[in-house]
Amino acid sequence: MLQLNFIRENKDEVITRLAVKNFDAKELVGKIITIDGDRRKIQGELDALNSEANTLAKQVGDLFKSGKQAEANELKNKSAALKESSKKLEATLASTEEELNKILVLLPNLPSIKVPKGKTPADNEMMFSEGEVPKLYAGAQPHWELTTQYDIIDFELGVKLTGAGFPVYKGKGAKLQRALINFFLDNATAAGFTEIESPILVNEASGFGTGQLPDKEGQMYHVTGDNLYLIPTAEVPITNIYRDTIIKSEDLPVKNCGYTPCFRREAGSYGKDVRGLNRLHQFDKVEIVQIAHPDKSYEVLEEMRNYVAGLLKKLELPYRILKLCGGDMSFASALTYDFETYSAAQQKWLEVSSVSNFENFQSNRSKIRFREANGKPQLAHTLNGSALALPRIVATLLENNQTETGIKIPKALVPYTGFEMIT
RNA sequence: GGAGAGAUGGCAGAGCGGUUGAUUGCACCUGUCUUGAAAACAGGCUUGGGUAAAACCAACGGGGGUUCGAAUCCCUCUCUCUCCGCCA
(Lines give C-alpha, C1' and ligand atoms only; values in the text may rest on other atoms or scores of the structure.)
Protein backbone atom coordinates (compact mmCIF):
# COMPACT_ATOMS: atom_id res chain seq x y z
CA MET A 1 0.00 0.00 0.00
CA LEU A 2 1.38 3.36 -1.00
CA GLN A 3 1.54 6.06 1.64
CA LEU A 4 -1.29 8.55 1.48
CA ASN A 5 0.98 11.52 2.10
CA PHE A 6 3.27 10.43 -0.68
CA ILE A 7 0.41 10.18 -3.16
CA ARG A 8 -0.90 13.56 -2.14
CA GLU A 9 2.45 15.24 -2.56
CA ASN A 10 3.68 13.36 -5.64
CA LYS A 11 0.56 12.84 -7.66
CA ASP A 12 2.16 13.08 -11.10
CA GLU A 13 5.13 10.94 -10.18
CA VAL A 14 2.83 8.18 -8.94
CA ILE A 15 0.96 8.19 -12.24
CA THR A 16 4.10 8.23 -14.40
CA ARG A 17 5.85 5.52 -12.50
CA LEU A 18 2.84 3.22 -12.36
CA ALA A 19 2.64 3.55 -16.13
CA VAL A 20 5.89 1.56 -16.20
CA LYS A 21 3.87 -1.29 -14.70
CA ASN A 22 1.30 -0.66 -17.42
CA PHE A 23 -1.10 0.51 -14.77
CA ASP A 24 -3.22 3.53 -15.56
CA ALA A 25 -3.52 5.21 -12.19
CA LYS A 26 -4.80 8.59 -13.29
CA GLU A 27 -8.41 8.07 -12.32
CA LEU A 28 -7.68 6.27 -9.05
CA VAL A 29 -5.15 8.83 -7.90
CA GLY A 30 -7.58 11.63 -8.68
CA LYS A 31 -10.25 9.88 -6.65
CA ILE A 32 -7.88 9.27 -3.76
CA ILE A 33 -6.92 12.91 -3.58
CA THR A 34 -10.52 14.06 -3.69
CA ILE A 35 -11.68 11.59 -1.05
CA ASP A 36 -8.68 12.32 1.13
CA GLY A 37 -9.55 16.02 0.96
CA ASP A 38 -13.09 15.18 2.08
CA ARG A 39 -11.75 12.99 4.82
CA ARG A 40 -9.56 15.72 6.23
CA LYS A 41 -12.36 18.25 6.08
CA ILE A 42 -14.75 15.95 7.92
CA GLN A 43 -12.10 15.05 10.46
CA GLY A 44 -11.51 18.73 11.12
CA GLU A 45 -15.19 19.40 11.67
CA LEU A 46 -15.51 16.41 13.95
CA ASP A 47 -12.46 17.46 15.96
CA ALA A 48 -13.93 20.92 16.50
CA LEU A 49 -17.23 19.41 17.59
CA ASN A 50 -15.57 16.97 19.96
CA SER A 51 -13.48 19.72 21.39
CA GLU A 52 -16.60 21.71 22.18
CA ALA A 53 -18.31 18.68 23.70
CA ASN A 54 -15.28 17.95 25.86
CA THR A 55 -15.24 21.46 27.25
CA LEU A 56 -18.95 21.30 27.92
CA ALA A 57 -18.68 18.00 29.74
CA LYS A 58 -16.00 19.41 31.97
CA GLN A 59 -18.17 22.40 32.78
CA VAL A 60 -21.12 20.18 33.62
CA GLY A 61 -18.91 18.24 35.96
CA ASP A 62 -17.73 21.38 37.70
CA LEU A 63 -21.28 22.70 38.04
CA PHE A 64 -22.49 19.45 39.58
CA LYS A 65 -19.65 19.49 42.04
CA SER A 66 -20.45 23.00 43.13
CA GLY A 67 -24.14 22.10 43.41
CA LYS A 68 -25.49 24.26 40.60
CA GLN A 69 -27.98 21.71 39.32
CA ALA A 70 -30.07 23.99 37.16
CA GLU A 71 -27.20 25.40 35.18
CA ALA A 72 -25.77 21.97 34.77
CA ASN A 73 -28.99 20.64 33.31
CA GLU A 74 -29.10 23.45 30.82
CA LEU A 75 -25.63 22.62 29.54
CA LYS A 76 -26.58 18.97 29.41
CA ASN A 77 -29.21 19.68 26.80
CA LYS A 78 -26.75 21.64 24.74
CA SER A 79 -24.34 18.78 24.89
CA ALA A 80 -26.96 16.29 23.75
CA ALA A 81 -27.54 18.35 20.62
CA LEU A 82 -23.83 18.35 19.86
CA LYS A 83 -23.74 14.66 20.22
CA GLU A 84 -26.29 14.08 17.52
CA SER A 85 -24.32 15.97 14.91
CA SER A 86 -21.04 14.41 15.97
CA LYS A 87 -22.57 10.98 15.56
CA LYS A 88 -23.59 11.80 12.04
CA LEU A 89 -20.14 13.11 11.24
CA GLU A 90 -18.51 10.04 12.69
CA ALA A 91 -20.55 7.82 10.42
CA THR A 92 -19.63 9.93 7.39
CA LEU A 93 -16.00 9.84 8.37
CA ALA A 94 -16.02 6.08 8.76
CA SER A 95 -17.58 5.53 5.34
CA THR A 96 -15.19 8.02 3.75
CA GLU A 97 -12.21 6.26 5.25
CA GLU A 98 -13.52 2.92 4.13
CA GLU A 99 -13.94 4.17 0.59
CA LEU A 100 -10.46 5.63 0.65
CA ASN A 101 -8.86 2.42 1.86
CA LYS A 102 -10.70 0.38 -0.71
CA ILE A 103 -9.13 2.42 -3.49
CA LEU A 104 -5.75 2.73 -1.80
CA VAL A 105 -5.20 -1.02 -1.77
CA LEU A 106 -5.89 -1.18 -5.51
CA LEU A 107 -2.72 0.72 -6.37
CA PRO A 108 0.34 -1.46 -7.02
CA ASN A 109 3.71 -0.52 -5.63
CA LEU A 110 5.73 1.98 -7.63
CA PRO A 111 8.46 0.31 -9.64
CA SER A 112 11.92 1.57 -8.82
CA ILE A 113 13.36 3.98 -11.37
CA LYS A 114 15.75 1.19 -12.39
CA VAL A 115 12.90 -0.95 -13.69
CA PRO A 116 12.76 -1.30 -17.48
CA LYS A 117 9.52 -0.67 -19.33
CA GLY A 118 7.87 -3.63 -20.93
CA LYS A 119 4.78 -5.77 -21.12
CA THR A 120 5.80 -9.44 -21.18
CA PRO A 121 8.56 -11.68 -19.90
CA ALA A 122 10.27 -11.13 -23.25
CA ASP A 123 10.96 -7.56 -22.15
CA ASN A 124 12.87 -8.57 -19.02
CA GLU A 125 16.43 -7.38 -18.92
CA MET A 126 19.16 -10.00 -18.87
CA MET A 127 21.65 -9.07 -16.20
CA PHE A 128 24.01 -11.95 -15.94
CA SER A 129 24.44 -15.53 -16.92
CA GLU A 130 26.86 -18.16 -15.86
CA GLY A 131 27.53 -21.83 -16.53
CA GLU A 132 27.48 -23.97 -19.60
CA VAL A 133 24.36 -25.49 -21.02
CA PRO A 134 25.16 -29.18 -20.84
CA LYS A 135 25.18 -31.39 -23.92
CA LEU A 136 23.08 -34.42 -23.18
CA TYR A 137 23.53 -37.87 -24.58
CA ALA A 138 21.20 -39.21 -27.21
CA GLY A 139 18.71 -40.93 -24.93
CA ALA A 140 18.35 -38.07 -22.45
CA GLN A 141 14.90 -37.58 -20.99
CA PRO A 142 12.84 -34.93 -19.27
CA HIS A 143 12.70 -35.19 -15.49
CA TRP A 144 9.21 -36.66 -15.34
CA GLU A 145 10.53 -39.71 -17.16
CA LEU A 146 13.66 -39.90 -15.02
CA THR A 147 11.72 -39.78 -11.78
CA THR A 148 9.75 -42.82 -12.85
CA GLN A 149 12.76 -44.62 -14.26
CA TYR A 150 14.68 -44.29 -10.99
CA ASP A 151 11.55 -44.52 -8.84
CA ILE A 152 12.29 -41.36 -6.87
CA ILE A 153 9.12 -39.29 -7.36
CA ASP A 154 5.63 -40.69 -7.86
CA PHE A 155 3.16 -38.22 -9.34
CA GLU A 156 0.39 -40.79 -9.76
CA LEU A 157 0.56 -41.75 -6.13
CA GLY A 158 0.17 -38.08 -5.19
CA VAL A 159 -3.00 -37.97 -7.28
CA LYS A 160 -4.33 -40.94 -5.35
CA LEU A 161 -3.57 -39.40 -1.98
CA THR A 162 -4.50 -35.81 -2.70
CA GLY A 163 -4.70 -34.72 -6.32
CA ALA A 164 -2.57 -33.44 -9.16
CA GLY A 165 0.36 -31.30 -8.13
CA PHE A 166 1.08 -33.13 -4.87
CA PRO A 167 3.94 -35.47 -5.72
CA VAL A 168 5.24 -38.20 -3.45
CA TYR A 169 9.01 -38.32 -3.07
CA LYS A 170 10.52 -41.73 -2.44
CA GLY A 171 13.86 -43.20 -1.47
CA LYS A 172 16.72 -41.17 -2.87
CA GLY A 173 14.18 -38.66 -4.14
CA ALA A 174 13.00 -37.97 -0.59
CA LYS A 175 16.59 -37.88 0.65
CA LEU A 176 17.47 -35.39 -2.06
CA GLN A 177 14.70 -33.09 -0.82
CA ARG A 178 15.99 -33.26 2.72
CA ALA A 179 19.55 -32.71 1.51
CA LEU A 180 18.62 -29.60 -0.45
CA ILE A 181 16.66 -28.12 2.45
CA ASN A 182 19.57 -28.62 4.82
CA PHE A 183 22.07 -27.36 2.28
CA PHE A 184 20.08 -24.17 1.77
CA LEU A 185 19.49 -23.59 5.47
CA ASP A 186 23.15 -24.17 6.36
CA ASN A 187 24.24 -21.72 3.69
CA ALA A 188 21.73 -19.12 4.82
CA THR A 189 22.69 -19.31 8.47
CA ALA A 190 26.37 -19.14 7.48
CA ALA A 191 25.53 -15.93 5.63
CA GLY A 192 24.06 -14.43 8.80
CA PHE A 193 20.39 -15.29 8.46
CA THR A 194 18.62 -16.50 11.58
CA GLU A 195 16.71 -19.69 11.02
CA ILE A 196 13.01 -19.52 11.76
CA GLU A 197 10.55 -22.35 11.91
CA SER A 198 7.18 -20.75 11.58
CA PRO A 199 3.56 -21.82 11.40
CA ILE A 200 2.45 -22.73 7.91
CA LEU A 201 -1.10 -21.61 8.56
CA VAL A 202 -1.68 -17.90 8.99
CA ASN A 203 -4.59 -15.66 9.88
CA GLU A 204 -6.20 -12.96 7.82
CA ALA A 205 -4.15 -10.11 9.30
CA SER A 206 -0.93 -11.81 8.21
CA GLY A 207 -2.29 -12.43 4.74
CA PHE A 208 -3.14 -8.78 4.46
CA GLY A 209 0.20 -7.63 5.82
CA THR A 210 2.27 -9.10 3.02
CA GLY A 211 -0.30 -8.36 0.34
CA GLN A 212 -1.85 -11.74 -0.42
CA LEU A 213 -5.21 -10.59 0.88
CA PRO A 214 -7.63 -9.35 -0.18
CA ASP A 215 -6.89 -9.45 -3.89
CA LYS A 216 -5.10 -12.79 -4.25
CA GLU A 217 -7.41 -14.72 -1.99
CA GLY A 218 -8.10 -17.31 -4.69
CA GLN A 219 -4.46 -18.39 -4.82
CA MET A 220 -4.29 -19.61 -1.26
CA TYR A 221 -5.85 -22.65 0.32
CA HIS A 222 -8.36 -21.46 2.86
CA VAL A 223 -9.22 -23.49 5.95
CA THR A 224 -12.71 -22.18 6.42
CA GLY A 225 -13.43 -23.94 9.70
CA ASP A 226 -10.87 -21.78 11.48
CA ASN A 227 -10.51 -19.01 8.90
CA LEU A 228 -6.83 -19.68 8.34
CA TYR A 229 -4.77 -19.82 5.17
CA LEU A 230 -2.04 -22.24 4.13
CA ILE A 231 0.98 -20.13 3.31
CA PRO A 232 1.99 -19.76 -0.33
CA THR A 233 5.51 -18.82 0.84
CA ALA A 234 7.42 -18.45 4.10
CA GLU A 235 7.58 -14.75 3.30
CA VAL A 236 4.14 -14.42 4.88
CA PRO A 237 4.86 -15.67 8.41
CA ILE A 238 8.48 -14.52 8.51
CA THR A 239 7.69 -10.96 7.46
CA ASN A 240 4.60 -10.76 9.67
CA ILE A 241 6.71 -11.52 12.73
CA TYR A 242 7.41 -7.79 12.67
CA ARG A 243 3.87 -6.64 11.95
CA ASP A 244 2.93 -3.76 14.27
CA THR A 245 6.38 -3.47 15.76
CA ILE A 246 8.90 -0.70 15.99
CA ILE A 247 12.40 -2.08 15.54
CA LYS A 248 15.41 -0.35 17.06
CA SER A 249 17.49 1.09 14.24
CA GLU A 250 20.60 -0.64 15.52
CA ASP A 251 18.85 -3.98 15.01
CA LEU A 252 18.58 -3.33 11.27
CA PRO A 253 18.93 -5.09 8.99
CA VAL A 254 16.93 -7.99 10.35
CA LYS A 255 17.96 -11.14 8.51
CA ASN A 256 15.80 -14.24 8.78
CA CYS A 257 15.43 -17.40 6.80
CA GLY A 258 13.17 -20.38 6.98
CA TYR A 259 12.19 -23.60 5.38
CA THR A 260 8.49 -24.29 4.86
CA PRO A 261 6.32 -26.24 2.54
CA CYS A 262 4.38 -23.83 0.32
CA PHE A 263 0.84 -24.23 -0.93
CA ARG A 264 -0.57 -22.66 -4.05
CA ARG A 265 -3.89 -23.34 -5.71
CA GLU A 266 -2.56 -22.18 -9.10
CA ALA A 267 -6.10 -21.78 -10.36
CA GLY A 268 -6.10 -21.39 -14.11
CA SER A 269 -2.78 -23.12 -14.77
CA TYR A 270 -2.81 -25.86 -17.38
CA GLY A 271 -0.91 -27.54 -20.18
CA LYS A 272 2.73 -28.43 -20.49
CA ASP A 273 3.89 -25.79 -18.01
CA VAL A 274 2.47 -27.88 -15.22
CA ARG A 275 4.11 -31.11 -16.31
CA GLY A 276 6.18 -32.93 -13.72
CA LEU A 277 7.77 -30.63 -11.17
CA ASN A 278 7.30 -27.46 -13.16
CA ARG A 279 4.29 -26.23 -11.23
CA LEU A 280 2.98 -27.81 -8.05
CA HIS A 281 0.31 -27.18 -5.46
CA GLN A 282 2.66 -28.13 -2.65
CA PHE A 283 6.41 -27.65 -2.75
CA ASP A 284 9.36 -27.01 -0.47
CA LYS A 285 11.24 -23.77 -0.28
CA VAL A 286 13.81 -21.97 1.82
CA GLU A 287 13.12 -18.28 1.93
CA ILE A 288 15.33 -15.41 3.00
CA VAL A 289 13.77 -12.24 4.37
CA GLN A 290 15.37 -8.95 5.34
CA ILE A 291 14.00 -5.84 6.95
CA ALA A 292 16.24 -2.93 6.14
CA HIS A 293 16.74 0.77 6.60
CA PRO A 294 15.27 2.63 3.58
CA ASP A 295 18.68 4.06 2.71
CA LYS A 296 20.22 0.61 2.62
CA SER A 297 17.57 -1.56 1.01
CA TYR A 298 19.05 -1.58 -2.48
CA GLU A 299 22.44 -2.59 -1.13
CA VAL A 300 20.67 -5.35 0.72
CA LEU A 301 18.92 -6.41 -2.47
CA GLU A 302 22.26 -6.76 -4.24
CA GLU A 303 23.61 -8.74 -1.31
CA MET A 304 20.66 -11.12 -1.55
CA ARG A 305 21.08 -11.39 -5.30
CA ASN A 306 24.73 -12.35 -4.89
CA TYR A 307 23.83 -14.80 -2.20
CA VAL A 308 21.34 -16.64 -4.41
CA ALA A 309 23.77 -16.62 -7.33
CA GLY A 310 26.33 -18.26 -5.05
CA LEU A 311 23.94 -21.10 -4.28
CA LEU A 312 23.35 -21.86 -7.95
CA LYS A 313 27.06 -21.79 -8.58
CA LYS A 314 27.68 -24.26 -5.80
CA LEU A 315 25.07 -26.52 -7.32
CA GLU A 316 26.84 -26.19 -10.68
CA LEU A 317 23.68 -25.25 -12.49
CA PRO A 318 23.70 -22.93 -15.49
CA TYR A 319 21.65 -19.90 -14.56
CA ARG A 320 20.80 -16.42 -15.61
CA ILE A 321 19.51 -13.38 -13.73
CA LEU A 322 16.76 -11.21 -15.14
CA LYS A 323 15.65 -7.83 -14.00
CA LEU A 324 11.92 -7.94 -14.42
CA CYS A 325 10.25 -5.35 -16.59
CA GLY A 326 7.32 -3.33 -15.30
CA GLY A 327 4.74 -5.58 -16.90
CA ASP A 328 6.13 -8.79 -15.42
CA MET A 329 6.59 -7.57 -11.86
CA SER A 330 4.36 -8.46 -8.99
CA PHE A 331 1.84 -6.08 -7.50
CA ALA A 332 3.86 -5.38 -4.37
CA SER A 333 7.40 -5.28 -5.72
CA ALA A 334 9.54 -2.24 -6.50
CA LEU A 335 12.37 -4.20 -8.09
CA THR A 336 12.62 -7.92 -8.76
CA TYR A 337 15.41 -10.17 -9.98
CA ASP A 338 14.37 -13.55 -11.28
CA PHE A 339 16.80 -16.43 -11.34
CA GLU A 340 16.35 -19.09 -13.97
CA THR A 341 18.21 -22.33 -14.46
CA TYR A 342 18.45 -24.05 -17.79
CA SER A 343 16.61 -27.29 -18.00
CA ALA A 344 18.51 -29.20 -20.63
CA ALA A 345 15.97 -31.85 -21.47
CA GLN A 346 13.02 -29.48 -21.61
CA GLN A 347 15.27 -26.99 -23.37
CA LYS A 348 13.94 -24.03 -21.49
CA TRP A 349 14.74 -21.72 -18.63
CA LEU A 350 12.89 -22.37 -15.37
CA GLU A 351 12.36 -19.77 -12.68
CA VAL A 352 13.89 -20.98 -9.43
CA SER A 353 14.09 -17.79 -7.41
CA SER A 354 12.68 -14.33 -7.26
CA VAL A 355 14.39 -11.71 -5.15
CA SER A 356 12.52 -8.48 -4.50
CA ASN A 357 12.65 -5.20 -2.71
CA PHE A 358 9.19 -4.10 -1.63
CA GLU A 359 10.45 -0.83 -0.21
CA ASN A 360 7.71 0.31 2.20
CA PHE A 361 4.77 -1.21 0.36
CA GLN A 362 4.41 -4.18 2.69
CA SER A 363 5.59 -2.34 5.76
CA ASN A 364 2.94 0.31 5.26
CA ARG A 365 0.30 -2.41 5.24
CA SER A 366 1.75 -4.25 8.18
CA LYS A 367 3.16 -1.27 10.08
CA ILE A 368 6.73 -2.51 10.28
CA ARG A 369 8.67 0.48 11.52
CA PHE A 370 11.98 1.45 13.02
CA ARG A 371 13.15 4.38 15.05
CA GLU A 372 16.38 6.25 14.82
CA ALA A 373 17.80 7.77 18.00
CA ASN A 374 15.22 10.21 19.34
CA GLY A 375 13.41 10.16 16.02
CA LYS A 376 9.85 9.48 14.98
CA PRO A 377 9.02 5.95 13.93
CA GLN A 378 9.27 5.46 10.19
CA LEU A 379 8.48 2.65 7.82
CA ALA A 380 11.20 0.09 7.17
CA HIS A 381 11.84 -1.62 3.84
CA THR A 382 11.10 -5.30 3.40
CA LEU A 383 12.85 -7.67 1.03
CA ASN A 384 12.69 -11.36 0.35
CA GLY A 385 13.86 -14.04 -2.00
CA SER A 386 13.70 -17.75 -2.59
CA ALA A 387 16.93 -19.42 -1.64
CA LEU A 388 15.79 -21.66 -3.13
CA ALA A 389 12.56 -23.29 -4.28
CA LEU A 390 13.16 -27.00 -4.62
CA PRO A 391 11.08 -28.52 -7.43
CA ARG A 392 12.62 -26.79 -10.41
CA ILE A 393 16.07 -27.13 -8.92
CA VAL A 394 15.43 -30.84 -8.68
CA ALA A 395 14.08 -30.87 -12.24
CA THR A 396 17.17 -29.22 -13.72
CA LEU A 397 19.49 -31.18 -11.50
CA LEU A 398 18.03 -34.46 -12.70
CA GLU A 399 17.93 -33.48 -16.33
CA ASN A 400 21.29 -31.77 -16.61
CA ASN A 401 23.21 -34.36 -14.64
CA GLN A 402 21.76 -37.47 -16.22
CA THR A 403 24.20 -39.93 -17.70
CA GLU A 404 23.74 -43.33 -19.21
CA THR A 405 24.60 -44.89 -15.88
CA GLY A 406 22.66 -42.67 -13.52
CA ILE A 407 22.17 -39.16 -12.22
CA LYS A 408 25.15 -37.39 -10.72
CA ILE A 409 24.76 -35.39 -7.52
CA PRO A 410 26.74 -32.12 -7.46
CA LYS A 411 29.76 -32.21 -5.18
CA ALA A 412 28.50 -29.62 -2.75
CA LEU A 413 25.41 -31.69 -2.09
CA VAL A 414 27.04 -35.07 -1.59
CA PRO A 415 27.77 -34.51 2.13
CA TYR A 416 24.04 -33.90 2.51
CA THR A 417 22.71 -36.76 0.36
CA GLY A 418 25.26 -39.32 1.41
CA PHE A 419 25.33 -40.68 -2.16
CA GLU A 420 26.98 -39.49 -5.35
CA MET A 421 24.68 -41.04 -7.91
CA ILE A 422 21.05 -41.90 -8.28
CA THR A 423 20.99 -45.25 -9.97
C1' G B 1 -14.89 -30.40 24.23
C1' G B 2 -16.35 -28.53 29.74
C1' A B 3 -15.47 -24.75 33.82
C1' G B 4 -13.22 -20.28 35.38
C1' A B 5 -9.99 -15.82 34.93
C1' G B 6 -8.13 -12.02 32.05
C1' A B 7 -6.75 -8.40 27.70
C1' U B 8 -3.98 -1.03 29.86
C1' G B 9 2.42 2.36 27.10
C1' G B 10 9.10 -1.68 25.32
C1' C B 11 8.15 -4.88 29.80
C1' A B 12 5.89 -5.31 34.73
C1' G B 13 1.70 -3.36 36.95
C1' A B 14 -2.14 0.53 39.19
C1' G B 15 -6.72 2.45 37.98
C1' C B 16 -13.46 0.15 39.22
C1' G B 17 -17.90 7.13 36.17
C1' G B 18 -15.40 13.54 36.31
C1' U B 19 -8.47 18.02 34.63
C1' U B 20 -6.22 9.91 33.83
C1' G B 21 -3.25 9.73 27.64
C1' A B 22 -3.40 7.34 31.96
C1' U B 23 -0.03 6.37 39.32
C1' U B 24 4.32 3.58 39.94
C1' G B 25 8.63 0.26 39.01
C1' C B 26 12.10 -1.59 35.37
C1' A B 27 14.30 -0.54 30.74
C1' C B 28 15.75 3.59 27.62
C1' C B 29 17.46 8.91 26.50
C1' U B 30 19.41 13.87 28.23
C1' G B 31 21.70 16.81 32.02
C1' U B 32 24.34 17.62 36.99
C1' C B 33 28.26 15.27 39.70
C1' U B 34 32.93 12.19 38.26
C1' U B 35 39.52 11.79 35.18
C1' G B 36 35.90 8.09 33.16
C1' A B 37 32.12 4.74 34.74
C1' A B 38 28.78 3.22 38.54
C1' A B 39 25.69 5.27 42.24
C1' A B 40 22.79 9.52 43.43
C1' C B 41 19.88 13.62 41.85
C1' A B 42 16.96 16.51 38.02
C1' G B 43 14.37 16.16 33.51
C1' G B 44 12.51 13.39 29.30
C1' C B 45 10.21 8.94 27.37
C1' U B 46 2.89 5.62 23.66
C1' U B 47 0.91 5.92 18.76
C1' G B 48 -2.01 8.04 14.93
C1' G B 49 -4.65 12.38 12.68
C1' G B 50 -3.88 17.58 12.38
C1' U B 51 -0.51 22.21 12.18
C1' A B 52 4.69 26.16 9.47
C1' A B 53 4.88 25.18 14.69
C1' A B 54 1.16 24.99 18.20
C1' A B 55 -3.70 24.49 19.58
C1' C B 56 -6.90 20.63 18.99
C1' C B 57 -8.82 15.49 18.05
C1' A B 58 -8.61 10.06 18.44
C1' A B 59 -6.96 5.44 20.71
C1' C B 60 -6.58 1.50 27.37
C1' G B 61 -7.95 -6.20 22.49
C1' G B 62 -12.23 -5.27 18.09
C1' G B 63 -17.34 -3.62 17.46
C1' G B 64 -21.85 -1.64 19.64
C1' G B 65 -24.62 0.60 23.89
C1' U B 66 -25.73 3.57 28.65
C1' U B 67 -24.17 8.77 30.25
C1' C B 68 -23.49 15.78 29.91
C1' G B 69 -18.93 12.80 30.74
C1' A B 70 -16.31 5.75 30.14
C1' A B 71 -9.83 2.63 30.63
C1' U B 72 -13.69 2.38 34.41
C1' C B 73 -20.90 0.27 33.75
C1' C B 74 -23.80 -3.06 29.98
C1' C B 75 -23.95 -6.23 25.37
C1' U B 76 -21.18 -8.80 21.71
C1' C B 77 -16.95 -10.77 19.07
C1' U B 78 -11.86 -12.19 19.12
C1' C B 79 -7.68 -13.69 21.58
C1' U B 80 -4.74 -15.31 25.92
C1' C B 81 -4.14 -17.87 30.52
C1' U B 82 -5.54 -21.64 34.48
C1' C B 83 -8.03 -26.28 35.77
C1' C B 84 -10.54 -30.81 33.81
C1' G B 85 -11.10 -34.10 29.52
C1' C B 86 -8.72 -35.86 24.97
C1' C B 87 -4.03 -36.37 22.67
C1' A B 88 1.38 -36.11 19.02
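Labels below follow one simple rule: chain letters A, B, ... track the order of the sequence lines, proteins then strands, and each chain is numbered from 1. These values consider heavy atoms only, across backbone and side chains, with no hydrogens, waters or symmetry-generated copies.
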Original post:
Do A/N109 and A/E359 have side-chain atoms, one donor and one acceptor, less than 3.5 Å apart?
Top reply: no
Taking atom [atom2] of [N] as reference, at what distance in whole Å does atom [atom1] of [X] sit?
X	N	atom1	atom2	result
A/E52	B/A55	CD	C1'	16 Å
A/E45	B/G50	CD	C1'	14 Å
A/L49	B/G50	CG	P	19 Å
A/E97	B/G48	CD	P	16 Å
A/D38	B/G49	CG	C1'	16 Å

With rounding to the closest Å, how many angstrom separate the [atom1] atoms on [N] and [M]?
N	M	atom1	result
B/C74	B/U20	C1'	22 Å
B/G48	B/A55	P	16 Å
B/C26	B/U32	P	22 Å
B/U8	B/A3	C1'	27 Å
B/G61	B/G13	P	15 Å
B/G17	B/C68	C1'	12 Å
B/U19	B/G69	P	15 Å
B/C41	B/A54	C1'	32 Å

Original post:
Which pairs count as ring pair (Phe, Tyr, Trp, His ring centres under 6.0 Å) when at least one residue sits in residues 17-59 of chain A, sequence neighbours excluded?
Top reply: none
[X]: which residues meet the side-chain contact (heavy atoms from CB on, under 4.5 Å) condition with it, sequence neighbours left out?
X	answer
A/K87	none
A/N364	A/M1, A/Q3, A/K367, A/L379
A/Q219	A/K216

Subject >> First of A/N5 and A/A48 reached from the 5' end of RNA chain B, by closest nucleotide >> reply: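 By nearest-heavy-atom nucleotide position, the 5'-most residue is A/N5.
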Original post:
Among all residues two or more places apart in sequence or in another chain, which pass the side-chain hydrogen bond (donor to acceptor under 3.5 Å, both in side chains) test with A/Q362?
Top reply: A/E235, A/T382
**OP:** For A/N124, check side-chain hydrogen bond (donor to acceptor under 3.5 Å, both in side chains) against everything at least two apart and list the hits.
**Re:**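 Testing A/N124 for side-chain hydrogen bond (donor to acceptor under 3.5 Å, both in side chains), a comparison that skips the adjacent residues, returns A/D328.
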Original post:
How are the rings of A/F370 and A/H293 set to each other: parallel, tilted or perpendicular (split at 30° and 60°)?
Top reply: tilted
Could you name each residue pair satisfying side chain to side chain donor-acceptor pair (under 3.5 Å) that touches [range], not counting sequence neighbours?
range	answer
residues 110-120 of chain A	none
residues 195-208 of chain A	A/N203-A/S206, A/E204-A/N227, A/S206-A/R243
residues 413-423 of chain A	A/D186-A/Y416

**OP:** Assign a letter to each nucleotide of nucleotides 58-75 of chain B from its 5' end: B, base within under 4.0 Å of a protein heavy atom; S, sugar-phosphate only; -, no contact.
**Re:** S------S-BBS------
Original post:
So does A/D36 pair up with A/R39, basic N to acidic O under 4.0 Å?
Top reply: yes
Original post:
Which dot-bracket string describes RNA chain B (Watson-Crick N1-N3 plus N6-O4 or O6-N4, or G-U N1-O2 and O6-N3, all under 3.5 Å; [ ] crossing; | other strand)?
Top reply: ((((((((.[[[..)..(.....]]].(((((.......))))).((((......)))).[[[[[..)....]]]]])))))))....
Anything under 3.5 Å between a protein N or O and an N or O of nucleotides 43-47 of chain B, put it in a table, one pair a line.
from	atom 1	to	atom 2	distance (Å)
B/U47	OP1	A/R371	NH1	2.5
B/U47	OP1	A/R371	NH2	3.0
B/U47	O3'	A/R369	NH1	3.1

